[in-house]
Asker: 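The structure follows.
Residue numbering restarts at 1 for every chain, and letters A, B, ... go by the order of the sequence lines. For clarity, every value in this text was computed on a predicted model and none was experimentally measured.
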Amino acid sequence: MNEIVGTTISKQASDFVRDTVDRIYLDENYHCCTTDEFEIWHVGSCCVGTCDQPCCANDDRQGQVMTCHEFWSRKPLVAQHMKNNDFLHNLRKKGTASCVMQVRKTHILWGHGNRIYNKQIPDHLVDELVLAAKAQNLFSKSPVLGLYINEKMLA
Amino acid sequence: MSRVPFHQRIQELRQARGLSLRQMAEELEKYGVKVSHNAIAKWEQPKMAGATRLPSQEIIAALCKLFNVKPSFLVEEMFSNVRSKSDSDRIAKLLDVELLTEEEFAALLNVKDLFIKSRKQKAGEK
């Protein structure tokens, strides 16, 4: 990674990233699906649509929606989405990598080997984490794509 | 945030504890993971650092328990090269060290080193 001069993030954002990484290794996480190349996981208490209430994302659907499995299985789509994002390159080279990925919501992604974990970034931290990720070529965004987690919850 | 590569961090932690490669492998077994001393040696080699030589998540978790550290301390992450504002504030407070004499500055460094040494010793005792 390149040294970023003058880029700073708040202690709150820094703590969020650190806490997310710690949870990935130490806590129980939610296994979403497995593709030929990756295992997709969601960090900690990420909603998986198991509550009795109507899905809170029902009224917020827009653009093309597919499951995590469909997205991560389609190599051309992943390549297109990640063309300016070094996440997969770093993951294959170093064994671990992270990035910020914006589909319907903005998520932080952490990869370790063949596992990709993701967690939604709280709204108040999105701007600064996106800015820091962009500065390191670790940001990707699709204005039309939304993802289902196990066909239940929109990500 | 972690700025030290995994291979270097793991070697520093092992040496601070005074463990040989074999002893570390034995200690890890107490936390439910079985690795050879050769595997640990490979983790500590910079040229080997990468996808094929990185321990699994389960071993990272065991290493954290063994050394009483958090995973984010062991593995590099996205913002490891981005300073947090609290880091910048701390550094700003040190900008006036140029006002100190050489002796005073040396004394300041000694105090800092003592704090770090004390922290390493405490980690080693756990």
Asker: Does the side chain of L26(A) come within less than 4.5 Å of P71(B)'s, by heavy atoms?
Answerer: yes
Asker: In Å, rounded to the nearest 0.5 Å, how long is the span from CZ of F73(B) to CZ of R18(A)?
Answerer: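 Nearest 0.5 Å value for the CZ-CZ distance: 10.5 Å.
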Asker: Roughly how far apart are I60(B) CD1 and I24(A) CD1, rounded to 0.5 Å?
Answerer: 11.5 Å
Asker: I need the minimum non-hydrogen distance between A61(B) and Y25(A), along with the two atoms involved.
Answerer: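 Heavy atoms of A61(B) and Y25(A) come nearest at CB-O, 3.6 Å.
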Asker: Does D113(B) have more than 12 heavy atoms from other residues, nucleotides or ligands lying within 6.0 Å of its CG?
Answerer: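 Enclosed.
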Asker: Please test Y117(A) against Q57(B) for side chain to side chain contact (heavy atoms under 4.5 Å, CB included), starting from the C-alpha separation and ending with a verdict.
Answerer: CA-CA 12 Å; Y117(A) 294 83; Q57(B) 282 98 329; 3.3 Å; yes
Asker: Run the side chain to side chain contact (heavy atoms under 4.5 Å, CB included) test on K70(B) and V21(A) for me, step by step, so that the C-alpha distance in whole Å, both residues' side-chain angles and the decisive distance to 0.1 Å come before the verdict.
Answerer: CA-CA 9 Å; K70(B) 291 191 169 181; V21(A) 173; over 6 Å; no
Asker: For D22(A) and S72(B), indicate whether the former's side chain and the latter's backbone hold a donor-acceptor pair under 3.5 Å.
Answerer: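 Checking the backbone N and O of S72(B) against the side chain of D22(A), a donor-acceptor pair under 3.5 Å is found.
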